[in-house]
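The block underneath contains the structure these notes are about, expressed in structure tokens.
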Amino acid sequence: MTIFTAIHLLFCGAATAVKAGQRIADVLRQGQVGAMVDLRGWVRSKREGKTHAFLDLNDGSGLAGIQVVLTRPDFDGQLLALTVGTAVAIAGELVASQGKEQTVEVQAQAVTVIGPADAETYPLQKKRHSFEFLRTIAHLRARTNTFGAVLRVRNACAQAIHQFFQERGFLWVHTPIISTSDCEGAGEMFAVTTLDPRKAAAPASQPDFFGKPAFLTVSGQLEAEALALALSNVYTFGPTFRAENSNTARHLAEFWMVEPEMAFCDLQGDADLAEAFLKYVFTQVLHRCAEDMAFFQSRIDPNVLANAEKIIHESFARIAYTEAIELLHRSGRSFQYPVEWGLDLQSEHERFLAEEHFGKPVIVMDYPAQIKAFYMRLNDDCPPERQTVRAMDVLAPGIGEIIGGSQREERLDVLTSRMQACGLDPEVYWWYLDLRRFGSVPHAGFGLGFDRLVQFITGMGNIRDVIPFPRTPLNAEF
RNA sequence: UCCUCGGUAGCUCAGUGGUAGAGCGGUCGGCUGUUAACCGAUUGGUCGUAGGUUCGAAUCCUACCCGGGGAGCCA
């Protein structure tokens with residue numbers, strides 16, 4: 001069946017099925033007892049009694065479904081078909097509930113099965129399922145309480161991010177998904193080609209689509225810098241791809257990243273923005289998704305609300321890398337990995353700082369140049385053996401690095417020699433260097449893993465459970 | 001990629017050399033304005049895959065596949 005045929009059937013063949021009904025969340029919030037309601041949704045559970053049967057109906061508009069009361073024997077002929085997962089339309093009257101778990105319910109007058117679901121083979125039960133199992137049925141897991149809540153919070157996060165930047169005059173810019181600079185320094189990339197990989201090695205005479213190797217982007221930062229040096233304040237928000245063989249609860253091969261970039265801005269301004277940003281997003285999500293957040297608090301992680309309050313109300317700790325090293329030394333703790341100036345902080349060190357020592361987000365700044373990217377601005381007045389760059393990482397309790405940013409090197413000569421020291425060919429980056437030749441200004445920005453942010457807010461333990469259809473090594477079924 | 005734990009009914013798991021089990025789910029019946037409903041009966045298996053050891057393997061050995069947790073890389 002073509003899509004056109006399907007749409008045609010939807011609108012012409014089953015008009016009653018697509019007539020706009022009311023959203024359950026609206027009815028629960030604003031419905032007047034005695035009003036007639038017209039609801040569409042999926043049956044979450046059915047309980048049958050001698051005189052009445054009860055349905056929990058959910059349409060995704062909120063965590064809570066609405067209870068539908070079916071008086072027997074009026075609906076006896078339909079009860080068998082109203083299994084878990086069935087799509088139904090319910091017409092009836094909103095009445096005060098005699099039950100204890102809800103204030104209102106729908107006294108059904110007409111029930112229409114729109115799409116049946118075979119109880120023998122429908123994979124979702126009324127009982128709780130493990131997240132591991134639900135990942136194998138990602139096309140159905142949005143119908144569960146947890147994933148409905150995750151997706152509503154994810155939506156609220158995205159909306160809050162746009163609102164935050166838009167209120168501050170940042171332009172949302174669209175940087176390319178396909179990139180031909182294969183050495184942005186962020187690890188393995190996915191190749192993009194029109195050459196048939198099933199054929200033997202392509203003849204050298206056959207050019208690929210772009211005439212040079214192309215890849216899926218690992219970051220929109222370099223392009224965002226170009227746009228910031230014209231528009232002052234910009235941000236990207238889009239998909240990002242890393243082909244690393246990472247198998248952890250914090251990594252995806254395809255994820256969403258937010259990258260603000262500000263002209264006329266230094267590292268302090270960058271850190272200030274990162275902190276204000278997180279406070280804003282948490283405030284918005286707590287306000288807009290109170291019910292879902294209460295669910296995460298009670299069913300997923302009993303610390304999510306306390307953590308959110310800390311983000312919103314406490315100022316983030318700020319510490320220089322060099323101080324952090326000294327602090328780790330003084331802690332008296334024995335770590336598995338060495339703590340030494342010039343070595344990167346390991347997960348265990350970051351966790352100690354964010355979770356134990358400070359108990360709130362920490363911004364670590366001014367890292368050694370040797371462990372950071374070429375584009376980060378060299379600090380002045382450093383002893384040569386202790387050269388640092390204006391980098392900052394925001395470390396969040398339970399998540400680790402959620403934001404990584406820096407002030408960018410705006411001086412042409414310094415940037416060129418840094419690239420050469422890092423083994424990069426300045427010729428390849430000619431346009432990036434042009435930005436320093438013409439009207440260069442101090443500028444800064446950061447990258448935020450959107451999915452990690454959702455993970456952080458919801459308390460979900462695995463990043464694969466905060467994105468609808470996760471892509472990870474050996475997993476792209478849906 | 002490394003370390004580690006695991007893969008047995010639709011789901012969650014027990015079974016560690018001798019006839020494959022429980023709870024939940026599904027189905028049928030009963031009961032009840034129910035709400036993780038309850039009570040009874042019933043249904044349900046290529047024990048991840050392929051080899052090997054053994055009279056006999058879910059169980060022991062080898063290889064591989066897949067999943068969880070941790071680490072590295074990072075966002």
Side-chain angles (χ1 to χ4, degrees), chain A residues 44-57 64-72 80 83-85 95-102 105 107 117-137 145 184-188 217-221 236 239-259 274 299 335-337 344-348 350-351 371-373 393-396 399-405 446-456 461-467 472-475 477:
Chain A
R44 284 285 181 84
S45 82
K46 174 180 65 171
R47 297 174 291 277
E48 292 181 36
K50 178 159 273 178
T51 58
H52 297 83
F54 302 89
L55 303 180
D56 281 345
L57 189 71
I66 198 163
Q67 173 158 281
V68 177
V69 184
L70 307 174
T71 308
R72 303 189 70 174
L80 198 60
T83 54
V84 174
V95 299
S97 178
Q98 299 171 36
K100 290 172 183 157
E101 313 238 335
Q102 61 279 319
E105 63 194 13
Q107 183 68 49
D118 177 25
E120 298 262 9
T121 51
Y122 185 63
L124 289 171
Q125 304 173 1
K126 283 190 279 187
K127 298 280 278 192
R128 180 176 190 291
H129 287 292
S130 68
F131 292 139
E132 291 84 354
F133 170 66
L134 290 174
R135 274 172 223 150
T136 69
I137 51 166
N145 283 338
E184 289 173 19
E188 294 297 311
T217 183
V218 294
S219 166
Q221 181 198 313
T236 72
T240 309
F241 307 87
R242 303 275 167 91
E244 252 119 31
N245 191 10
S246 296
N247 293 287
T248 81
R250 310 182 304 283
H251 288 86
L252 292 166
E254 175 185 296
F255 62 100
W256 287 68
M257 189 151 66
V258 178
E259 295 171 295
R299 303 296 285 273
F335 296 101
Q336 188 183 348
Y337 289 87
D344 210 351
L345 298 178
Q346 300 293 315
S347 288
E348 57 173 348
E350 297 181 346
R351 271 206 307 275
I371 58 172
K372 288 293 185 184
D393 285 354
V394 180
L395 311 178
I399 291 290
E401 184 182 339
I402 191 167
I403 285 178
F446 64 75
L448 164 105
F450 177 67
D451 313 272
R452 284 187 184 175
L453 177 67
V454 178
Q455 208 185 342
F456 184 29
N462 196 311
I463 201 168
R464 299 168 195 202
D465 299 328
V466 299
I467 187 168
T472 54
L474 299 172
N475 181 4
E477 176 70 19

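Labels below follow one simple rule: chain letters A, B, ... track the order of the sequence lines, proteins then strands, and each chain is numbered from 1. Note that this is a predicted model, so its numbers are computed, not measured.
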Which nucleotides of nucleotides 25-35 of chain B have their base under 4.0 Å from a protein heavy atom (B), which only their sugar-phosphate (S), and which neither (-), written as one string 5' to 3'?
-> SSSS--SBBBB
With sugar-phosphate meaning primed atoms plus P, OP1 and OP2, does [X] contact a base, only sugar-phosphate, or nothing at under 4.0 Å between heavy atoms?
X: A/Arg464; value: sugar-phosphate
X: A/Thr248; value: base
X: A/Arg351; value: sugar-phosphate
X: A/Asn462; value: sugar-phosphate
X: A/Leu252; value: base
X: A/Arg128; value: nothing
X: A/Phe255; value: base

With both distances kept under 3.5 Å, what pairs with [N], Watson-Crick or G-U wobble?
N: B/rA50; value: B/rU62
N: B/rA20; value: none
N: B/rG33; value: none
N: B/rG45; value: none
N: B/rC2; value: B/rG70
N: B/rG40; value: B/rC28

Go through A/Lys126 and A/Val84 one step at a time and tell me if the side-chain contact (heavy atoms from CB on, under 4.5 Å) criterion holds.
-> CA-CA 7 Å; A/Lys126 283 190 279 187; A/Val84 174; 3.9 Å; yes
For [N] and [M], measure between their [atom1] atoms and round to the nearest Å.
N: B/rU53; M: B/rC61; atom1: C1'; answer: 7 Å
N: B/rU43; M: B/rG21; atom1: C1'; answer: 15 Å
N: B/rC11; M: B/rG67; atom1: C1'; answer: 16 Å
N: B/rC39; M: B/rG44; atom1: P; answer: 23 Å
N: B/rA57; M: B/rG52; atom1: C1'; answer: 11 Å
N: B/rG17; M: B/rC73; atom1: C1'; answer: 45 Å
N: B/rG26; M: B/rG10; atom1: C1'; answer: 8 Å
N: B/rC47; M: B/rU8; atom1: C1'; answer: 4 Å

For RNA chain B, whose closest nucleotide is more 5', that of A/Tyr337 or that of A/Leu448?
->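 On the 5' side of the pair lies A/Tyr337.
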With distance as the sole test, does A/Gln455 use its side chain to make a donor-acceptor pair with the main-chain N or O of A/Gly461 at under 3.5 Å?
->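 Yes; judged by distance alone, with no hydrogens or angles, the pair exists.
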Under 3.5 Å, is there a donor-acceptor pair between the side chain of A/Asp451 and the main chain of A/Trp256?
->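 Checked: pair present.
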Any chance you could lay out the salt bridge (Lys or Arg N to Asp or Glu O under 4.0 Å) test for A/Asp393 and A/Lys372, step after step, and finish with the verdict?
-> CA-CA 11 Å; A/Asp393 285 354; A/Lys372 288 293 185 184; 3.4 Å; yes
Closest non-hydrogen atom pair, [X] against [Y]:
X: A/Gln102; Y: A/Gln67; answer: NE2-NE2, 3.3 Å
X: A/Ala396; Y: A/Ile402; answer: CB-CG2, 4.2 Å
X: A/Glu350; Y: A/Glu401; answer: OE1-N, 4.0 Å
X: A/Val218; Y: A/Met257; answer: O-CE, 3.8 Å
X: A/Gly220; Y: A/Glu259; answer: N-OE1, 3.0 Å

How many whole angstroms separate atom [atom1] of [X] from atom [atom2] of [N]?
X: A/His251; N: B/rA71; atom1: NE2; atom2: P; value: 11 Å
X: A/Glu477; N: B/rC66; atom1: CD; atom2: C1'; value: 13 Å
X: A/Asn245; N: B/rC74; atom1: CG; atom2: C1'; value: 13 Å
X: A/Ile463; N: B/rC73; atom1: CD1; atom2: P; value: 17 Å
X: A/Glu350; N: B/rC74; atom1: CD; atom2: P; value: 11 Å
X: A/Ile371; N: B/rC73; atom1: CD1; atom2: P; value: 10 Å
X: A/Asp465; N: B/rG67; atom1: CG; atom2: C1'; value: 13 Å
X: A/Tyr122; N: B/rG10; atom1: OH; atom2: P; value: 18 Å

Do A/Arg47 and A/Asp56 sit within salt-bridge range, that is, some charged N less than 4.0 Å from a carboxylate O?
->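 A salt bridge is present here (some side-chain N lies under 4.0 Å from a carboxylate O).
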May I ask you to evaluate whether [X] reaches the phosphate of [N], defined as a side-chain N or O under 4.0 Å from OP1 or OP2?
X: A/Ser347; N: B/rG72; result: yes
X: A/Arg250; N: B/rG70; result: no
X: A/Ser246; N: B/rC73; result: no
X: A/Gln346; N: B/rA71; result: no

